Amino acid sequence: RLVVAFVAEFSRGKTELINALFFSNHGQRLLPSEAGRTTMCPTELFSLADEGPSLQLLPIETRRREESLARLKHMPIEWSQIPLDPADPRQLQESLKKLTETKPMAAVDAIEMGLWDAEDPAERHLLQDDGTVEVPAWRYALVNYPHPLLQAGLTVLDTPGLNALGAEPELTLAVIPSAHAVMYLLATDTGVTRSDLEIWQKHVHRHANFHVAVLNKIDMLWDELRTDSEVQASIERQAEDTARVLKLPRSRVFAVSAQKALAAAVRGDAELR
């Protein structure tokens, strides 16, 4: 197996990039990535020929348990399982929407499970009048899907944004060392923010795996008042700055628009692609 993890802050377009790379032939988004809908739990995409296509979801309540995630993976009774039909894009899309599900939980339970911090001013507004907070419904997801690259042994890890509300950062960060390669996503319009750099230095760069920086959302720099060459020059400057700040070779920084690439593939627009 070759494990590639997609890691980033919230709303950098990780899931959209996975859609564009692997699922554009479905004519629509497969993994939910609309505005405001975000991956709430780490999602592992792979292909096992001896098992049918399926989505398996581990309830958030298992955070109370002492078993490791590796052990829980061998306890099928703990997982909610949904069969997937690769020939039915609508069924796939509806089923995979579960990845963004949240649920109300009593604040005391959310604190006990480390899903909410009452002392953090940035999280206090999440407390509802009835004493609950909204938390992810699922702790981890396994997607067994017959894609040629996955069938060849590729495993893709889609992680929640490390600053996504209610995320389980230790679980996200635990998958980074086990990955053979990390795709670290940034937004082209903002470049490397302070929080981007902090995550990179603390959790990504110090591990010896192969790193690639992906500057997503280059379409934010497309500007009708500037020539194509001027736009291209500003994208190139952003890529060079990113390489310098992250101490990566320029050849390992890729500037893309996942959303436009997906739209181009769906519409058959080779020039946009």
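A quick note: this is a predicted structure, and the numbers were derived from the prediction, not measured.
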Q) Considering residues, nucleotides and ligands other than Arg90, do more than 12 of their heavy atoms fall under 6.0 Å from its CZ? A) no

Q: Please say which of Tyr184, Trp200, Phe254 ends up in a ring-ring contact (aromatic ring centres under 6.0 Å, His included) with His211.
A: Trp200

(Q) How about CG on Asp228, more than 12 heavy atoms from neighbouring residues, nucleotides or ligands closer than 6.0 Å, or not? (A) no

Q. For atom CG of Asp50, is the number of surrounding heavy atoms from other residues, nucleotides or ligands below 6.0 Å larger than 12?
A. yes

Q) Which atom pair, heavy atoms only, marks the closest approach of Met105 to Ile60? A) CE-CG2, 4.0 Å

**Q.** Val192 and Leu246: CA distance, side-chain angles, deciding distance, side-chain contact (heavy atoms from CB on, under 4.5 Å) verdict
**A.** CA-CA 8 Å; Val192 184; Leu246 299 184; 4.2 Å; yes

Q: Nearest 0.5 Å please: distance from the CD atom of Glu134 over to the NZ atom of Lys103.
A: 10.5 Å

Q: May I ask you to check whether over 12 heavy atoms, not counting those of Arg64, lie within 6.0 Å of atom CZ?
A: yes

Q) Which is it for Gln201 and Arg206 under the side-chain contact (heavy atoms from CB on, under 4.5 Å) test, yes or no, and what are the steps along the way? A) CA-CA 7 Å; Gln201 291 175 335; Arg206 63 194 182 92; over 6 Å; no

Q: Run the numbers on Asp158 and Thr43 for side chain to side chain donor-acceptor pair (under 3.5 Å), then give the verdict.
A: CA-CA 5 Å; Asp158 183 14; Thr43 302; 5.1 Å; no

Q: Determine, using ring centers only, whether Tyr145 and Phe22 are less than 6.0 Å apart.
A: no

Q) When rounded to the nearest 0.5 angstrom, what distance separates OG1 in Thr15 from CG in Leu99? A) 8.5 Å

Q.
Taking atom CE as the centre, does Met220 end up with more than 12 heavy-atom neighbours from other residues, nucleotides or ligands that are less than 6.0 angstrom away?
A. no

**Q.** Hydrophobic cluster membership, Trp138 vs Leu92, 4.5 Å side-chain cutoff
**A.** yes

Q. Does the Asn209 side chain pair with the main chain of Ile176, one donor and one acceptor, at a distance under 3.5 Å?
A. yes

Q) So, Arg12 side chain and Asn216 main chain: donor-acceptor pair closer than 3.5 Å or not? A) no

Q.
Within the 4.5 Å heavy-atom criterion, are Pro83 and Ser54 side-chain neighbours or not?
A. no

(Q) Applying the side chain to side chain donor-acceptor pair (under 3.5 Å) criterion to Lys73, which one of Gln56, Glu78, Glu44 satisfies it? (A) Glu44

Q | Side-chain ion pair, Arg237 and Glu240, N-O less than 4.0 Å | A | no

**Q.** Minimum heavy-atom distance Val135-Ala110, with the two atoms named
**A.** CG1-CB, 4.2 Å

(Q) In the structure I gave you, are the side-chain heavy atoms of Val4 and His180 within less than 4.5 Å of one another anywhere? (A) no

Q. Taking the side chain from Glu271 and the backbone from Asp269, do they hold a donor-acceptor pair closer than 3.5 Å?
A. no

Q.
If we check side-chain contact (heavy atoms from CB on, under 4.5 Å) with Arg29, which of these qualifies: Val266, Leu96, Leu262, Ile18?
A. Leu262

**Q.** Test side-chain contact (heavy atoms from CB on, under 4.5 Å) applied to Leu154 and Leu45, step by step
**A.** CA-CA 8 Å; Leu154 179 67; Leu45 297 128; over 6 Å; no

Q. What heavy-atom pair brings Pro59 and Arg139 nearest, and what distance separates the two atoms?
A. O-CB, 3.8 Å

Q: Verify whether one side chain among Thr188 and Gln238 offers a donor that lies under 3.5 Å from an acceptor in the other.
A: no

(Q) Treating His26 as the side-chain partner and Gln28 as the backbone partner, does any N or O pair qualify as donor plus acceptor under 3.5 Å? (A) no

Q | side-chain contact (heavy atoms from CB on, under 4.5 Å) between Leu17 and Lys14, worked out | A | CA-CA 5 Å; Leu17 183 59; Lys14 295 182 303 298; 5.9 Å; no

(Q) Is any side-chain heavy atom of Leu58 closer than 4.5 Å to one of Trp79? (A) yes

(Q) Do Leu248 and Ile235 sit in one hydrophobic cluster, given that two such residues count as connected whenever their side-chain heavy atoms are within less than 4.5 Å of each other, even indirectly? (A) no

Q) Would you say the side chain of Thr132 lies within less than 4.5 Å of the side chain of Leu127, judging by non-hydrogen atoms? A) no

Q. Is Trp222 reachable from Val256 through a run of hydrophobic residues whose side-chain heavy atoms are each under 4.5 Å from the next?
A. no

Q) If two hydrophobic side chains count as joined below 4.5 Å and joins carry through other members, does Leu221 share a cluster with Val214? A) no

**Q.** Over all atoms of both residues, closest heavy-atom pair of Leu272 and Arg267
**A.** CD2-NH2, 3.6 Å

Q: Determine, for Glu119 against Arg124, whether the closest basic-nitrogen to carboxylate-oxygen distance falls under 4.0 angstrom.
A: no

Q: Indicate yes or no: at least one non-hydrogen side-chain atom of Pro146 is less than 4.5 angstrom from one of Pro86.
A: yes

Q) Are any of the side-chain heavy atoms of Lys98 and Ile82 separated by less than 4.5 Å? A) yes

Q. How about Val156 and Phe6: do any of their side-chain heavy atoms sit closer than 4.5 Å?
A. yes

Q: Provide the closest heavy-atom pair for Gln151 versus Ser47 in the form atom of the first, atom of the second, distance.
A: CG-OG, 3.2 Å

Q: May I ask you to test the Gln93-Pro32 pair for a side-chain heavy-atom distance under 4.5 Å?
A: no

Q. Does the Arg252 side chain pair with the main chain of Ala213, one donor and one acceptor, at a distance under 3.5 Å?
A. no

Q: Using atom types as modelled and distance alone, determine if a side-chain donor or acceptor of Trp116 lies under 3.5 Å from a backbone N or O of Glu123.
A: yes

**Q.** Which atom of Thr159 lies closest to which atom of Val7, heavy atoms considered
**A.** OG1-CA, 3.6 Å

Q. Out of curiosity, Arg194 CZ to Asp196 CG, how far, rounded to the nearest 0.5 Å?
A. 12.0 Å

**Q.** Verdict with supporting geometry, Ser95 and Gln91, side chain to side chain donor-acceptor pair (under 3.5 Å)
**A.** CA-CA 6 Å; Ser95 300; Gln91 187 267 349; 3.3 Å; yes

Q. For the side chain of Asn144 and the backbone of Glu51, is there at least one donor-acceptor N/O pair under 3.5 Å apart?
A. yes

Q) Is there a donor-acceptor pair closer than 3.5 Å between any side-chain N or O of Glu16 and the backbone N or O of Gly13? A) no

Q: State whether the side chain of Arg273 and the backbone N or O of Ala264 hold a donor-acceptor pair below 3.5 Å, judged by distance alone.
A: no

Q. Within the side chain of Thr62, is there an N or O that forms a donor-acceptor pair under 3.5 Å with the backbone of Arg65?
A. no

Q. Given Leu186, which of Val245, Leu215, Leu197, Val253 fulfils the side-chain contact (heavy atoms from CB on, under 4.5 Å) condition?
A. Leu215

Q. At what distance, to the nearest 0.5 angstrom, does CD of Gln259 lie from CD1 of Ile218?
A. 11.5 Å

